[in-house]
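Structure, as structure tokens:
Fair warning: this is a prediction, and the values are worked out from it, not measured in the lab. We name chains A, B, ... by the order of the sequence lines, and we start the count at 1 in each one.
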2 protein chains.
Amino acid sequence: MMAMDERARHLLKSLIEQHIANGVPVGSRQLAKGAGLNISPATVRNVMADLEDEGYLISPHTSAGRIPTPVGYRFFVDALLRVVPLSPESHQLLIHRLGHYIPDTEQVLHAATEVLSELTHMAGFVRVPRRANRTLRHVDFLALREKEVLAIFVTDKGDVENRLIRTEHALSAAELNQAANFFNESYGGRPLQEVIQHLQRDLQQSRHEMDRILRSAMELGEEMLEEDQQRMLIEGEFQLLDLPELAGSERLRKLLNAVRQKRDLVHLLDSSMRSSEVRLFIGEESGFAPLSDCSVVSAPYVVDGEVLGVLGVIGPMRMPYQQIIPLVDGTAHLLGRALSQS
Amino acid sequence: MMAMDERARHLLKSLIEQHIANGVPVGSRQLAKGAGLNISPATVRNVMADLEDEGYLISPHTSAGRIPTPVGYRFFVDALLRVVPLSPESHQLLIHRLGHYIPDTEQVLHAATEVLSELTHMAGFVRVPRRANRTLRHVDFLALREKEVLAIFVTDKGDVENRLIRTEHALSAAELNQAANFFNESYGGRPLQEVIQHLQRDLQQSRHEMDRILRSAMELGEEMLEEDQQRMLIEGEFQLLDLPELAGSERLRKLLNAVRQKRDLVHLLDSSMRSSEVRLFIGEESGFAPLSDCSVVSAPYVVDGEVLGVLGVIGPMRMPYQQIIPLVDGTAHLLGRALSQS
DNA sequence: TATTAGCACTCCTGATGGTTGAGTGCCAAG
DNA sequence: CTTGGCACTCAACCATCAGGAGTGCTAATA
């Protein structure tokens with residue numbers, strides 16, 4: 001496999017751009033014209049044949065022009081792509097949706113998901129912040145009824161989570177108050193993680209009724225950390241229905257169901273939290289079968305110097321990367337900013 | 001339009017059953033055989049022609065047998081349908097999923113949605129309980145940060161809702177406590193509706209800082225009532241992708257997007273809360289364009305003698321009503337029971 | 001030596017047309 | 001009123017064909 005010369009690179013770039021724009025295989029004649037070089041179709045054919053040998057292109061059938069392979073796309077984005085700045089309109093819209101103060105975290109995340117989906121006409125997602133390092137702000141225990149206690153947790157960022165706890169005996173409001181006070185005094189301001197560890201240790205042996213409540217509360221705290229490992233917002237999956245290349249409905253159904261299940265996707269994305277840049281998964285690179293016809297563009301978002309989560313879009317391999325990349329990047333930045341205010 | 005004789009009714013019933021089973025138009029030969037009557041195809045043809053004249057059947061094209069019209073389905077379910085009891089397996093599964101105690105309301109509702117979707121292979125939905133008549137249990141105000149207060153509402157059934165409120169001046173924990181105490185004492189145990197009305201009146205003129213918090217809290221309460229008008233769970237929309245009759249993807253996309261938007265659907269269903277029985281909307285009867293190819297089977301669920309919400313399924317007109325109806329009915333009953341325990 | 005024109009070949013696409021089979025409507029006989 | 005018979009219709013299937021786009025190869029060219 002020999003290195004590509006300048007002309008071959010240019011042709012590959014031009015071919016992929018054309019294919020992204022039209023979605024149909026590109027032939028030598030059309031490419032010769034579109035590339036701007038003064039070159040005959042025959043020459044182009046030679047070059048294309050070489051590129052096919054090297055794995056960048058493939059023809060769907062004998063006489064149908066050529067389309068990029070995943071390898072071709074990969075080379076394209078790594079070596080050929082020139083990212084264009086965000087269009088003023090898109091930027092405008094981004095600012096409009098994410099630029100001003102929104103007090104509710106949940107709302108901000110939704111806004112980000114929506115705006116991604118809207119601007120790209122593909123599926124947008126936001127992986128929600130891990131709360132692992134959040135600290136416990138406040139706990140409340142309310143006797144809802146005989147033998148049922150409602151526990152409410154509040155973290156320093158204002159996340160609220162609640163859960164019903166059944167007790168064996170009825171507990172008075174005073175007792176619950178006392179438990180809450182104990183909890184708040186001992187653990188208020190401490191990281192959730194730590195609170196749970198402490199509780200786990202302290203409650204090992206004791207079997208008092210009141211301790212049962214604390215233990216349940218601890219479980220709730222654990223759930224807040226756990227559940228959250230899975231959380232993810234997705235918007236606009238249905239935009240994918242419009243893609244002709246995914247029209248074979250069997251395939252698409254699999255994908256949509258997979259998106260629904262989200263778990264594996266979460267897995268994939270967590271791996272990309274480590275990078276601090278926009279990341280691209282093209283086709284099989286995601287290592288996630290139902291996505292093998294698609295690309296994923298993701299970027300982590302950062303609040304106060306710390307990566308909180310990932311966001312991005314899912315779409316066909318043939319997506320306008322030059323625009324998607326800055327868009328995802330920009331959204332990530334704005335989301336980071338929006339969240340750092342809250 | 002003359003009344004149908006016994007034989008015609010039998011044939012119509014048989015035809016619709018066959019069509020529900022196979023999804024293809026039914027011809028005279030097949031119907032003659034399937035109906036069990038000793039009758040020739042020619043006779044059947046005469047009857048079918050009559051049924052077509054009267055609007056119960058239609059042929060997709062000249063020589064393709066006949067399929068039921070919405071009118072046909074309507075007549076079928078009203079006059080011909082014999083509902084079969086829930087199959088033991090389905091009943092088993094229902095009990096298993098909804099029969100035992102689950103403390104968390106949200107979880108119960110989800111379980112109901114899921115089980116509907118699973119057993120029918122169609123889209124299942126649950127319209128969530130209105131909280132209008134719930135009473136206020138407890139309110140908390142927490143100073144989250146300078147000039148930001150987190151308000152937490154708890155209703156008597158353990159629903160928790162929260163919201164960030166920005167204030168103009170910083171407020172001390174003591175002040176907030178005082179406000180919360182005031183709130184709890186004045187309004188604890190009162191219906192939310194009433195609380196809001198009172199607040200609305202009491203706060204009309206005053207402009208104190210603390211009142212601003214109360215006013216924001218009132219808005220939150222209003223939101224709890226409002227937002228909730230829209231809430232709805234849907235599960236298994238993707239099952240609809242499997243239906244050949246909806247395969248024309250354009251149409252389906254519209255439907256799925258509509259389902260996504262839920263609003264109009266909520267509207268439709270609220271109207272069916274008034275009935276205390278299973279209700280059927282066939283095709284256009286729903287008055288909701290994207291659903292015109294579909295039927296909706298819904299039933300209200302009742303807790304302590306009061307209708308809390310609606311649940312049901314969305315599927316093709318050609319659905320096995322004899323089984324779907326008791327299933328929806330049974331699910332509604334079980335959900336009512338499950339909720340009355342909590 | 002790299003480029004290009006020419007040419008034969010492949011294969012998709014869309015149009016055409018014939019055949020088949022399911023199904024109908026109608027009529028005349030039972 | 002029912003039924004067998006019959007002509008007719010129409011979608012679905014299949015084969016065929018022409019057209020066009022595109023290719024690979026070869027030989028001429030700059």
Side-chain angles (χ1 to χ4, degrees), chain A residues 2-12 14-16 18-19 21-69 72 244-245 247-248, chain B residues 2-12 14-16 18-19 21-69 72 244-245 247-248:
Chain A
M2 64 172 214
M4 245 179 280
D5 66 3
E6 191 47 47
R7 193 180 58 182
R9 294 161 64 104
H10 181 84
L11 284 174
L12 179 58
S14 185
L15 186 149
I16 296 186
Q18 283 192 45
H19 180 254
N22 313 320
V24 294
V26 183
S28 56
R29 181 197 216 65
Q30 197 189 351
L31 182 54
K33 217 172 296 176
L37 309 176
N38 249 359
I39 241 175
S40 84
T43 312
V44 171
R45 278 202 290 281
N46 291 329
V47 178
M48 283 165 91
D50 290 346
L51 288 171
E52 180 161 6
D53 287 343
E54 294 171 35
Y56 297 112
L57 299 179
I58 194 172
S59 24
H61 62 85
T62 322
S63 75
R66 283 168 171 102
I67 59 174
T69 61
E245 51 261 74
Chain B
M2 65 173 214
M4 247 179 279
D5 66 4
E6 191 47 46
R7 195 181 56 182
R9 294 161 63 105
H10 181 84
L11 284 174
L12 179 57
S14 185
L15 186 148
I16 295 186
Q18 283 191 46
H19 181 254
N22 314 319
V24 294
V26 183
S28 55
R29 180 194 215 66
Q30 197 190 351
L31 182 54
K33 217 173 297 176
L37 308 177
N38 250 357
I39 240 175
S40 83
T43 311
V44 172
R45 279 203 287 281
N46 291 329
V47 178
M48 284 165 88
D50 290 347
L51 288 172
E52 180 161 5
D53 286 344
E54 293 171 34
Y56 298 111
L57 299 179
I58 194 173
S59 22
H61 60 87
T62 321
S63 74
R66 281 165 172 104
I67 58 175
T69 59
E245 51 260 74

Checklist entry - Between B/N38 (CG) and D/dC1 (C1'), how many Å, whole number? => result 16 Å

Checklist outcome for this item: The side chain to side chain contact (heavy atoms under 4.5 Å, CB included) partner of A/R66 among A/L31, A/L51, A/V26, A/L57 is A/L57

Checklist entry - Which whole-number value in Å describes the distance from A/H19 NE2 to D/dG22 C1'? => result 15 Å

Next on the checklist: In whole Å, I'd like the distance from the CG atom of A/L57 to the C1' atom of D/dG24.
Outcome noted: 16 Å

Item to check | N/O (side chain, B/S40) to phosphate O (OP1/OP2, D/dT3) under 4.0 Å | outcome: yes

Checklist entry - Does a side-chain N or O from B/R7 land closer than 4.0 Å to OP1 or OP2 of D/dT2, or not? => result yes

Next on the checklist: Please determine whether a side-chain nitrogen or oxygen atom of B/R66 lies at a distance below 4.0 Å from atom OP1 or OP2 of C/dG25.
Outcome noted: yes

Item to check | Whole-Å distance separating the NZ atom of A/K33 from the C1' atom of C/dT4 | outcome: 17 Å

Checklist outcome for this item: B/I67 CD1 to C/dT24 P, in whole Å, measures 13 Å

Next on the checklist: Nearest to the side chain of B/A42, heavy atoms from C-beta on, is which of D/dG4, D/dG22, C/dT4?
Outcome noted: D/dG4

Checklist outcome for this item: Considering only heavy side-chain atoms of A/I39, the closest of D/dG20, C/dT4, D/dT3 is C/dT4

Checklist entry - Can B/I16 and B/L12 be said to form a side-chain contact (heavy atoms from CB on, under 4.5 Å), step by step? => result CA-CA 6 Å; B/I16 295 186; B/L12 179 57; 3.9 Å; yes

Checklist outcome for this item: A/H61 has its side chain closest, among C/dG21, C/dT4, C/dC11, to C/dC11

Next on the checklist: Just to be sure I understand the rule, does B/T62 reach a base, reach only the sugar-phosphate, or reach nothing, if contact means heavy atoms closer than 4.0 Å?
Outcome noted: sugar-phosphate

Next on the checklist: Between B/I39 and B/H10, does the side-chain contact (heavy atoms from CB on, under 4.5 Å) criterion hold? Intermediate values first, please.
Outcome noted: CA-CA 12 Å; B/I39 240 175; B/H10 181 84; over 6 Å; no

Checklist entry - Is it true that atom CD1 of A/I58 has more than 12 heavy atoms of other residues, nucleotides or ligands lying nearer than 6.0 Å? => result no

Item to check | Shortest side-chain distance from A/T43, nucleotide among D/dG22, C/dT4, C/dG25 | outcome: C/dT4

Checklist entry - Is any side-chain N or O of B/R45 under 3.5 Å from a base N or O of D/dG4, one able to act as donor and the other as acceptor? => result no

Item to check | Spacing of A/N46 atom CG relative to C/dT1 atom C1', expressed in whole Å | outcome: 13 Å

Item to check | Least distance between heavy atoms, B/E52 atom then B/S59 atom | outcome: OE2-OG, 3.5 Å

Item to check | Under 4.0 angstrom between A/S59 side-chain N/O and D/dT23 OP1 or OP2 | outcome: no

Item to check | Atom-to-atom span, CD of A/Q30 to P of D/dG20 - whole angstrom | outcome: 17 Å

Checklist entry - With respect to the side chain of B/A49, which nucleotide from C/dC11, C/dG25, C/dT24 is positioned closest? => result C/dG25

Checklist entry - Just how far, in rounded Å, is P of C/dG25 from CG of B/D50? => result 10 Å

